[in-house]
Amino acid sequence: MTTEFQTDVSFNDSDTANIDIGKSLKAARVERHLDERQVSTELKIPIDQVRALEDNQFDYFRSATFARGYLKGYCRLVGLDVNLMLAAFDSLTTAKAESNIKPVDKVINKQAGFGDPFVILISIVIIAVLVFLAFWWPSFSNNNSAVIEKNAAADQAVEEQSSVDTSMPALAPSATSNEAAATTEPEASVAQDSDDSAVNKAAAEEELPVADNAVTTGLSAETIAILEKAGVNPQKVEEATKDVPTEQVVSTPQAPLYKNDIEMAFDADCWTEIRDSTGKILYSGVKAAGSKLEVTGSAPYRVVIGYARGVSSFKFKGEVYDFSSYTHKDLARFELK
């Protein structure tokens, strides 16, 4: 059985070297009355890649594997011999790879000498660092020593003060002072009792609101007197301390301003594929210029755009999303969470 993958068919190097792959593809396309856009739609690749195949610009693709796969599809579409064209492509890429191989003695660079600009730059940087350390280190050491001496002097002064306080002998109470203390003890107890009663009275007055002809507040008479002495209006103080009832605001969730999670607009034909978190394909195909695409599923989404320049607008959850950092040679792959 003969298949497109058979490997027993051999071609001479002279036969494959004389084949112009791009001209063969273009001639077969014109013979079948196909234009570049129709080929792009059938192969699901951008028009720029179709033109690159017809111009033999295989370096335009991400790798030789991608170029070989697109070439195989193009040959099937226009009815060319797939094995012959792939053999010509392989011989071309092999020749380019061999031309890029250089002898080892030419690849190895000469050892950098003192005249090398890089060596000179490194030397200047090292010298600048040494000069900076030479001028900065003495001043830094002097500042540190001054700070240490100042702290030591402060610690010594504190120790001397504490030693003076502890060395002073305690004065023994004399008999006269004992008699005076015994005499004044009843008076101190009476004064203490009167002070306790005054404090209890003041506390009771603070707990109960005081009604006055001038001002009616929940403050005690002593508190009012202190506020008036300080120049503060007691009535304003009481009004400020009153409980102000607060209304509970019930927040209602706002509906999103967008209808679909992903909204796209196209100004050129572009192949697009979108999958949700379950692996379900929400859309896969070519969108024509001037059309739109709106899908919704379960995040995260995996998006592949075959021709990034064909997308004029891309919004995710109502906000414009910039996927240019994920684009390489007009092919964009990214994930939306």
Side-chain angles (χ1 to χ4, degrees), residues 1-103 106-107 266-273 284-289 291 303-311 323-324 326-334:
M1 180 180 294
T2 304
T3 63
E4 59 178 281
F5 298 102
Q6 79 179 60
T7 58
D8 58 351
V9 178
S10 61
F11 301 97
N12 296 326
D13 293 339
S14 60
D15 296 337
T16 58
N18 295 329
I19 296 176
D20 191 329
I21 299 175
K23 289 184 179 180
S24 300
L25 294 175
K26 187 173 182 179
R29 174 177 62 79
V30 174
E31 183 179 356
R32 289 179 175 268
H33 303 288
L34 297 174
D35 57 8
E36 295 176 349
R37 187 171 298 278
Q38 289 175 335
V39 175
S40 173
T41 303
E42 292 293 334
L43 298 181
K44 297 182 179 180
I45 60 175
I47 297 179
D48 292 345
Q49 294 184 0
V50 175
R51 294 171 180 170
L53 290 173
E54 294 182 354
D55 294 338
N56 294 327
Q57 296 178 359
F58 303 113
D59 295 336
Y60 180 80
F61 299 91
R62 298 175 61 184
S63 64
T65 304
F66 279 87
R68 197 173 191 275
Y70 294 146
L71 176 61
K72 183 188 294 185
Y74 201 149
C75 292
R76 290 176 181 172
L77 180 63
V78 298
L80 292 177
D81 188 347
V82 176
N83 294 325
L84 180 61
M85 299 301 288
L86 291 180
F89 174 81
D90 293 338
S91 63
L92 179 63
T93 54
T94 303
K96 288 185 177 180
E98 291 177 354
S99 63
N100 292 331
I101 298 176
K102 298 179 180 179
K106 293 183 180 180
V107 176
F266 303 87
D267 56 3
D269 293 350
C270 177
W271 178 83
T272 305
E273 180 179 285
S284 178
V286 178
K287 295 296 292 184
S291 61
V303 182
V304 181
I305 301 175
Y307 185 51
R309 286 185 287 179
V311 179
F323 56 87
S324 58
Y326 305 100
T327 304
H328 180 69
K329 292 185 178 180
D330 291 335
L331 178 64
R333 294 175 181 266
F334 54 93

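Sequential numbering from 1 along the given sequence is applied to the chain's residues. Below, all heavy atoms of this structure are taken into account, side chains as well, without hydrogens, waters or symmetry copies.
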>> Under the ring-ring contact (aromatic ring centres under 6.0 Å, His included) definition, can you give me all pairs with a residue in residues 29-60, not counting sequence neighbours?
In response: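 Counting only pairs at least two positions apart or across chains, the ring-ring contact (aromatic ring centres under 6.0 Å, His included) contacts touching residues 29-60 are F58-F89.
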With a cut-off of 3.5 Å and sequence neighbours excluded, list every side-chain donor-acceptor pair involving residues 40-50.
unit_1 : atom_1 : unit_2 : atom_2 : d
S40    : OG     : I45    : O      : 2.2
T41    : OG1    : R37    : O      : 2.9
D48    : OD2    : R309   : NH2    : 2.4

Partners of [X] by side-chain hydrogen bond (donor to acceptor under 3.5 Å, both in side chains), sequence neighbours excluded?
| X | answer |
| --- | --- |
| R51 | E36 |
| N56 | D20 |
| D90 | R68 |
| T65 | none |

> Are the side chain of D269 and the backbone N or O of A289 linked by a donor-acceptor pair below 3.5 Å?
Replying inline: yes
> Which residue pairs satisfy the salt bridge (charged side-chain N to carboxylate O under 4.0 Å, His left out) criterion with at least one member in residues 24-35, sequence neighbours excluded?
Replying inline: R29-E54
> How far apart are the C-alpha atoms of Y326 and V303, what are their side-chain angles, what is the distance that settles it, and do they pass the side-chain contact (heavy atoms from CB on, under 4.5 Å) test?
Replying inline: CA-CA 11 Å; Y326 305 100; V303 182; over 6 Å; no
Taking all non-hydrogen atoms of both residues, which atom of [X] and which atom of [Y] are closest, and how far apart?
| X | Y | value |
| --- | --- | --- |
| A288 | F266 | O-CB, 3.8 Å |
| T327 | A308 | CG2-CB, 3.7 Å |
| L25 | C75 | CD2-SG, 4.0 Å |
| L331 | G306 | CD1-CA, 3.8 Å |

> Counting heavy atoms not belonging to K329, are there more than 12 under 6.0 Å from its NZ?
Replying inline: yes
>> Counting only heavy atoms from other residues, nucleotides and ligands, does the tally under 6.0 Å from CZ of F334 exceed 12?
In response: yes
> F66: what forms a ring pair (Phe, Tyr, Trp, His ring centres under 6.0 Å) with it, not counting sequence neighbours?
Replying inline: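 With sequence neighbours excluded, F66 shows a ring pair (Phe, Tyr, Trp, His ring centres under 6.0 Å) to no residue whatsoever.
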> When rounded to the nearest 0.5 angstrom, what is the spacing between CE in M85 and CG in L80?
Replying inline: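 These two atoms lie 5.5 Å from each other.
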